Amino acid sequence: MLGYTITQWLFGVLSLMAIMFALMVVFTRNPVNSVLYLVLTFFCIAGHYLLLNAQFLAVVHIVVYAGAIMVLFLFIIMLMNLNADTEPRKHIVTRVIAGCIGGVLLFVMVGALKGAEQLQLVQGGSSQIGLVKNLGKVLFTEFLFPFEIASILLLSALVGAIMIGKREKTVEEIGN
Amino acid sequence: MLVGLLIIVPLIAGLLVFGTKGKASHQFALGFSIVEFALSLAAFFQYHHNPASSELILNCTWVESLGIHFAVGLDALSVLMVLLTTFLVPLIILSSFKNEYEKPNAFYGLILIMQMALVGVFAANDGFLFYVFWELALIPIYFICLLWGGENRGAITFKFFVYTLLGSLFMLVGLIYVYSHTGVDTGIKSWALTDLYAAGKSLDINQQSFVFWCIFLAFGIKMPIFPLHTWQPDTYVNAPTQGTMLLSGIMLKMGTFGLIKWLLPLTPLALEKWGGLAIGLSVFGIIYASCIAIVQKDYKRLIAYSSIAHVGLIAAGILSCTQQGIQGGVMQMLAHGINVVGLFLIADILLRHTGTRDIDKLGGIRSMNGNFAVLFLIIMLGSVALPLTNGFVGEFLLINGVYQYSATVAAFAGLTVILGAVYMLRSYQNIMLGERKDSAIAFGSLDGTDKLVLYIVCFAVIAFGVYPKPLNDLAEEGTKIIMQNLK
Amino acid sequence: MIKLVALIPLFPLLGFLINGFFGKKISKGLSGTIASLAVLASFVVSLLIFMDLEEHHEMTSHAVNLFAWINSGSLNIPFEFLVDPLSSWFLLIITGIGFLIHIYSIGYMHDDEGFSRFFTYLNLFVFFMLLLVLGNNYLIMFVGWEGVGLCSYLLIGFWYKNTAYNNAAKKAFIMNRIGDLGFLLGIILIFVTFGSITYSEVFSLAGSGSNSVITAIALLLFIGAMGKSAQLPLYTWLPDAMAGPTPVSALIHAATMVTAGIYMIVRSNVFYSMSDVASEVVAIVGVTTALFAATIGLFQNDIKKVLAYSTVSQLGLMFLGLGVGAYSSSVFHVTTHAFFKALLFLGAGSVIHAMGGEQDMRKMGGLKKALPITFMTMLIGTIAISGIPPFSGFFSKDEILAHTFEHSPVLWFFGMVASILTAFYMFRLLYLTFYRNFRGTHEQEHHLHESPKSMTIPLIVLAVLSILGGFLGLPEFWGFTNWMHHHLDSIILHKNPSVLNHTTEWMLMGIAVIAASITIVVAYMVYIKKQTLPEAKDEKLTGLKKVIYNKYYVDEIYNLIITKPLNAMSDLFYKFFDKQVIDGFVNGVGSAVVGMSSIVRKAQTGHIGVYIFSMVLGIILILFYSFI
Amino acid sequence: MKGLFILSGLGILAMLAEIFKFKKVLYPLVLIGIIVAYALGFTEWNANFNIPMFSNMIRFDNVALAFSGVILATSFFWFILANDYFEKDHITDHFALVLFALVGALMLTAFSNMTTLFLGIEILSIPMYVLAASRKRDLASNEAGFKYLIMGSFASGFLLFGIALIYGATGSFDLMAIRAYISHNGSELPAFFYAGVLLVLVAMLFKVSAAPFHFWAPDVYEGSPTVITALMSTIVKTAAFAAFMRLFLVTFGGVNETWGMILSVVIALSLVVSNITAAAQQSVKRMLAYSSISHAAFMLMAILANNRGMASVSAILYYSLAYSIGSIAAFTVVYHVSKEENGSSNLEAFNGLAKRHPLMAVCMTVAMLSLAGIPVTSGFFAKYFVFSLLIGTSFNWLIILAILTSAVGVYYYFKVIIAMYFKAPAKHDGITIDSSHAVLLLLTTLITIALGLVPNFVIEIFG
Amino acid sequence: MLNGIPINYYIMLCAVLFIIGVVGVMARRNAIIVFMCIELMLNAVNLLLVAFSTLHQDASGQVFVFFIMAVAAAEVAVGLAILSMVYRNFKSIDIDLLSRIKN
């Protein structure tokens, strides 16, 4: 079709959608809608993963992001009752500047990111790296230490979240 | 060994004095400072006896990997400066007996620690050590000025501190720059004086100029040289008299001493290029400060400006890089140290007895205390460098040295002879002579300790003017070493 | 004997120390005696040495080394004395006249509370003066030079409660210092040129110096001499210096110290002989000063001021002599001048003593009867200074003028005028003081009395010397041996041969004598016959008279062109440059930092948005710099 | 390595303490644990050199051990300082969080893979976000935690983007591989690799709070509890520098022309902004925050001078030690003074401290002198090393700037000294402090001076 | 080329997504949205990593994504806890209101 393969078509569509949804995340006033758009973006990204033969990652992505994290966001938004268009907007000048800066950043990034053409590709080969078996092997051999130490990270996040989330028993204390 | 003692004794003494209370503090301090003086006399004689004596050299490793050594040693110049320091400190302590200071233990402890740093500066043979002592000397005097100073001391001492610190940081940079060029052949960097000399000379003219100005800035501020001087009068006036004495009597000499030992041999090329400018500033400073001294009302401030004038001449002489100039500088450093301590004590006595230092309010004190008038006169004459007083030898040699650099400059530098007489005589006349201006001002007899200090100073003024040989010989020898290193 | 030369300054030094430390504890008599004896002892030793030197004429100069003083590389300055004809002669003058004045002072200062202090200073002065002439190098001379300046300062301001006196003292010291700077630079130039400042070495090398350097040396030294010997333009301190006690004026400001400049130039005659320019300058400055001071002397009413201006004028004459190469003649005039000027001052002192401190001649008159000895001796002094033969002044002045004529008739003419004026104002002084009627108060008249013996005896001795002094240097064309020339022969290295013939010399002498005599008569006509009195009120003077009476306004001019600008400049330096510009800059930097601080901290708004903006901006800039 | 495990274990233990009720012994246990970890570090000295562990994920070589030593020593002092802090609610949570943060810090000294770098940073940061916000009722603390969180996450995004780009270019997260790639490919590196390096640089500059990425620091420092501020300005900073150094001296040392100039500008900006802004601060705590930025600039100068082998490393090591010890002393005093003044650490609170508590005044003075870089305190040597590294390079101008701004620095450090000695106190009653804190003050002061007198031990640590 | 799509495309796509995240952080006041935008940034990075992983045929890139996800989860947990605390105290999560500490 028009000289493009299916994957190329898919890439194009997914990319456009991802960018569009991402923009909607930023520009929608209703936080709930933002969350939903973000979930959609994530789905697009998951699609990309699939395109890239990272099937396991795509699943995990959906489960973790769309399933867990975004729900958490949604939950908090609901909890705080922010689901209306109540968010005060930044001054228009600020937003324009933010947009401009984003544009400039994009321009600079594009300048900075050229040169991928020189990249020497390890062409072909099996596309098996994205399989669970493969990933598991790498994760539990090469990346064993980070894997273990990530537990510390999660623990500290756990403790931190609990500590912050717990209601203060005592009245406000002055001092340090 | 001896030199090690010279540094360690005041430190220990200072710490001990911190632990004393009340009157005991100054008695202890005095005792220790006299011990220190005795030690330095021993060093002086030891040097006469055998200049290469191992007693006078101490060299321990400090930071091996960086070539930093705790290397101290007394050469001819150092012996003289150490002698000056240890001679003046007991006098300074003695002169404070009549002043009631809050927390005397801290006061005298700081003085003694300062003495340690000063001796260290003069004895250091290692560039890094020199810098460390140099900075170390700043801390006690800062606190002396801050804690026991006059009205507006906070801002003024701060200005003093920042000024000198800024200068010395530049010096550090200059020294490091030279240091980084040591050990080209051996690959081992060293802070040793001789290595720095060699490295300094190996630099090209632009590098030397950089080093020269970096280091000169520090010395110029310390001395101080026009136009880096504005911290000085305020600080001198605001500091407690003993602090002023330390500042002007000894600390100022750190700058001139540094000039001789740590700058001239380091950057001979730059000196040729920039020496003229530096001398020009110094000489202009002489005239400038002298003129300002003429219109001063506060006697302490007047001495402060006179000090700038004197030091300008010293700097000019030293920068002329002649035997006479440098030697004269050394001699004048000694003389100025003694004189200025005397003069500041006089300012202090005036304030204590009459409650003012305003020379327009004072007057007729001679008719109240003739003895004081004579002592004052002698010290003043030493300060205007009358022959057979201590100031003369140095001043003659200095002008001589400057003359060899340039006759015209010497003529301007020589104006100090005239202008010095103008402001000194004027102030003397206003304070001491004539009729009493304010009947409320009474001037009784001097206190014993004041009298003793003044007598010692006067004796030094005259003895050292009539027979300067023992000191002069050392100054000559030290200068010769420097001159050799200049080549 | 000559080895004992160190004793000469030692005695006055001892006297100084004893009086200085114990003066208040011992009686006045003892104090005065010790001081006088010290000088006497010096005189005796000087005399012995002098005779010793005369006997062994073949060895004219002896250096006596005391101790090494200053060493600096090639500069070696020992504390060394030199005994040669010149110094030995000056030793005699200093100790001799000094002794007489010490004796006189015992009487004169008897009632002063600072009696022992006075003698302390006086001894110290003698000590320094002796150092000045004894030194074997320029620096020792400089030591003495400054030392006498100090003593002069102390003695002028002796009555320290009087502010005017103190000002005079300060002025003297500072003016001297101006000259001293020149001297000092001269010494340094000598060292730089010749590598030594010891006389013998310098003079033997002098030939090797280029003419311009020699001229520079000579001129620099002369600046020193101008200060010390009160020559134009540095003379103004000397009249003011009369604030000191009269014996001081006699000793320091007439007989000894002010002639130090002459001594120095005679000592350095080698340089001056080699430099025509310098000599010419010396001569012109000398004659100008002579004439200038003489005219001022005409209108002075203060008895001591007249003498002071006369001293300035006479010193000018001596410099004229030096300038034309008549070195020994100038020394001769120094000697005779020491005699008669000391005499005149002491006489004036005696008058003032009798008048109870009054110095204004308009309030004197007719003292001849009351003070006979004073009058007689003063008369002798006046005749001597006026140049009437065979009194001493005649011979010495004539010699100088003769040499001047030989050098330049124009200079001679002005010198002559100056000496005629001298005769006029000196006789004016004499007439106004001793003749006519007493013009003071009754009380003063009542107290008029001749001075005590201790004062009159020195007067008499000096009077005798004033009469006989001339025989030290009788004119050679009269057939005598000029002893003075002969004596100083060895130290004057380049003599200019006398070219004047005897007729000219006789003629010059004649003109001088006749002119002086006529002047005296004119003065007689004016002040005795016409009974003229100077105006009592200064304001009434007009025109040139007023200008001269006010000393040509020199002090005022100095005040205007030096003192005031200096003060203004100092004020400018202090209040503007130091406080505003430099310190202002320094403080400005400080407040600028603080000021900037309060601006910069505004960026820290507390808004995360701003922080993120700045961060992104930073990233953009970094990437932009690196890639685009 | 063993230290890392011990701290992790201690952290988990702290969590358990809540459950098994042994809160009381926790505090001594932690202190002992730190000492043991420290001691174990000694046993590893020179032993594990160049032996990759866990597929070269982490490498406790001597440099890592040295920096771990600094961190452990500082944390020991910090625990003494913080004894009050732990007496409140949530004691075990706090312990656990701090200990986990320490684990992150240790990882940052020893990582040798981008993965461990990233995890280390996050393990360090996430507890810090919580700790900054740990005074839950205090709005300032809330705000501090929140700001820290947002900015930190934002910066992490850039770090990750950078890492991704680098990975894209090199195909590996391993530092050795990246280094080999750089030296192998030399000039033919793709442009986006440089972009990756620069983005990592930005993220690290954010972590060490260099201008213009510093804005979070003063606010967070001020808002956080003083004790936590002390932790942030010492341990977190040291760890960040250890990481910075490993990345840019070792890994990206080959492409220093890419980041050298940028870094120098950043340093200059940091020096100027931090010192000038600090000059007008009234709050000493905030002033110390700005001062920490200026010190960061100094440490960055040592990295910039990237040409003397181990010299830069030992300079940074010494600097971080000197700065940490000095800061601990300063924060101890600030802590007590602000406690006295109801939480305000304004300059006036220090007025007349010399009379109210001489020991604190003296120790604070020494700390200020050290921070200002006056001999013979350790701060001086620290600055000296930096100068001597940088001199003779093309960055001489930075030295001049550093000197000029140091003079400004002296201004604000001495404002505190002047206040303590010169101004009259508002209250005249003495201040009482814990004896443990008195000991801590004395100890840190002594170490500050001792380090200045004998810097050999630190400087020559790498032989 | 991976599956027919040049790697440049992926890089650009990720850059665009990342920058949209950055713009979102700058442009929004709602702290939660800001936080979400940060998540978006992380996801852009994830995608990039996966792309590179496929390019290099190297699994470690994908493994890294796991870690990023873990961290993101932890960050979100802590972040939302802090946010809810802030909301409790400030009654708002407008980031512009959180500007009490300044200068």
Side-chain angles (χ1 to χ4, degrees), chain B residues 159 162-163 226-227 229-231 233-234 288 291-296 305 322-324 327-328 364 366-367 370 373-374 377 381 384 386-388 392-393 396-397 399-400 403-404 407 410-411 414-415 417-418 420-422 425-426 429 432-435 467-469 472-473 475-476 479-480 483, chain C residues 20 24 67-75 79 117 128 131 139-140 142-147 149-150 153-154 157 160-163 166-167 169-170 173-174 177-178 180-182 184-185 187-189 191-192 216 566-567 569-575 577-579 581-583 585-587 590:
Chain B
K159 184 154 125 190
V162 169
Y163 234 124
F226 175 87
H229 66 277
T230 47
W231 63 269
D234 288 341
Y288 181 81
C291 283
I292 291 180
I294 293 175
V295 292
Q296 289 310 307
Y305 276 106
T322 54
Q323 170 79 29
Q324 283 77 28
Q327 190 185 338
R366 180 170 190 159
S367 51
V374 173
L377 182 72
L381 292 175
V384 299
L386 202 83
L388 298 192
F392 175 69
V393 181
F396 170 68
L397 290 175
I399 298 179
N400 199 328
Y403 194 100
Q404 290 169 47
L415 287 178
V417 170
I418 300 163
V422 173
L425 293 186
R426 173 179 162 274
Q429 180 183 332
M432 303 304 291
L433 307 179
E435 294 284 357
Y467 194 65
K469 192 167 184 306
N472 194 34
D473 282 354
E476 188 185 13
T479 309
K480 274 185 181 153
M483 293 298 289
Chain C
K24 277 186 187 155
F67 53 87
W69 192 37
I70 300 176
N71 291 312
S72 177
S74 57
L75 175 67
F79 214 97
R117 189 159 58 87
F128 275 122
L131 274 192
L139 207 64
I140 304 292
F142 189 75
V143 171
W145 189 273
E146 290 258 286
L150 166 69
Y153 166 75
L154 292 173
Y160 54 79
K161 286 186 183 170
N162 185 317
T163 304
N166 289 326
N167 286 337
K170 192 171 70 186
F173 194 83
I174 289 164
R177 276 244 151 175
I178 297 174
D180 293 352
L181 175 58
L184 196 63
L185 292 175
I187 295 174
I188 292 168
L189 183 54
F191 164 67
V192 173
L566 184 69
N567 279 334
M569 189 171 78
S570 303
D571 261 339
L572 185 74
F573 276 169
Y574 179 55
K575 293 190 180 130
F577 279 109
D578 221 46
K579 291 272 165 204
V581 177
I582 300 176
D583 217 21
F585 175 75
V586 172
N587 294 336

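Order of the sequence lines sets the chain letters (A, B, ...), proteins ahead of strands, with each chain counted from 1. Note that these values count all heavy atoms, side chains included, but never hydrogens, waters or copies made by symmetry. Only a predicted model underlies this, so the values are computations on that prediction, with no experimental measurement involved.
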Exercise. Spell out, as yes or no, whether a donor-acceptor pair under 3.5 Å connects the side chain of C:D578 to the backbone of B:I292.
Key: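 No, because the side chain of C:D578 does not come within donor-acceptor range (under 3.5 Å) of the backbone of B:I292.
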Self-check item: Under 3.5 Å: donor-acceptor pair, side chain of B:Q323, backbone of C:S74
Solution: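 Not confirmed, B:Q323 side chain does not pair with C:S74 backbone.
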For the interface with chain C, which of [options] has the highest count of heavy-atom pairs at distances below 4.5 Å?
options: B:G370, B:A421, B:A410, B:C291; value: B:C291
options: B:H229, B:Q404, B:M483; value: B:H229
options: B:V295, B:I294, B:D473; value: B:V295

Quiz item: Residues two or more places apart in sequence or in another chain: which of them pass salt bridge (Lys or Arg N to Asp or Glu O under 4.0 Å) with B:K480?
Solution: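 If we apply the salt bridge (Lys or Arg N to Asp or Glu O under 4.0 Å) test to B:K480, skipping adjacent residues, the hits are B:E476.
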Quiz item: Mind checking what makes salt bridge (Lys or Arg N to Asp or Glu O under 4.0 Å) contact with C:K575, not counting sequence neighbours?
Solution: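 Scan of C:K575 (salt bridge (Lys or Arg N to Asp or Glu O under 4.0 Å), adjacent residues dropped) gives C:D571.
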Among [options], single out the residue with the greatest number of heavy-atom pairs under 4.5 Å to chain B.
options: C:I188, C:L154, C:L150, C:V581; answer: C:I188
options: C:L139, C:N162, C:I187; answer: C:L139
options: C:N71, C:V192, C:T163, C:L185; answer: C:N71
options: C:N567, C:V586, C:L184, C:L572; answer: C:V586
options: C:I70, C:L566, C:D180; answer: C:I70

Using heavy-atom distances under 4.5 Å, tell me whether [X] contacts chain B through its side chain, its backbone, both, or neither.
X: C:F577; result: both
X: C:F573; result: both
X: C:N587; result: side chain

Quiz prompt | Mutual orientation of the aromatic rings belonging to B:F392 and C:W69 [parallel < 30°, tilted 30-60°, perpendicular > 60°] | solution =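 The rings of B:F392 and C:W69 lie parallel, inter-plane angle below 30°.
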In terms of heavy-atom proximity below 4.5 Å to chain C, should [X] be classed as side chain, backbone, both, or neither?
X: B:L397; value: side chain
X: B:L377; value: side chain
X: B:A293; value: neither
X: B:Q324; value: both

Quiz item: side chain to side chain contact (heavy atoms under 4.5 Å, CB included) between B:Q296 and C:Y574: does it pass, once the steps are laid out?
Solution: CA-CA 9 Å; B:Q296 289 310 307; C:Y574 179 55; 3.2 Å; yes
Quiz item: With a 4.5 Å limit on heavy-atom distance, are the side chains of B:F396 and C:L75 in contact?
Solution: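 Yes - at least one pair of side-chain heavy atoms lies under 4.5 Å apart.
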Quiz item: Given the rule in the side chain to side chain contact (heavy atoms under 4.5 Å, CB included) test, do C:F128 and B:L388 qualify, once you have shown the distances and angles that lead to the verdict?
Solution: CA-CA 10 Å; C:F128 275 122; B:L388 298 192; 3.8 Å; yes
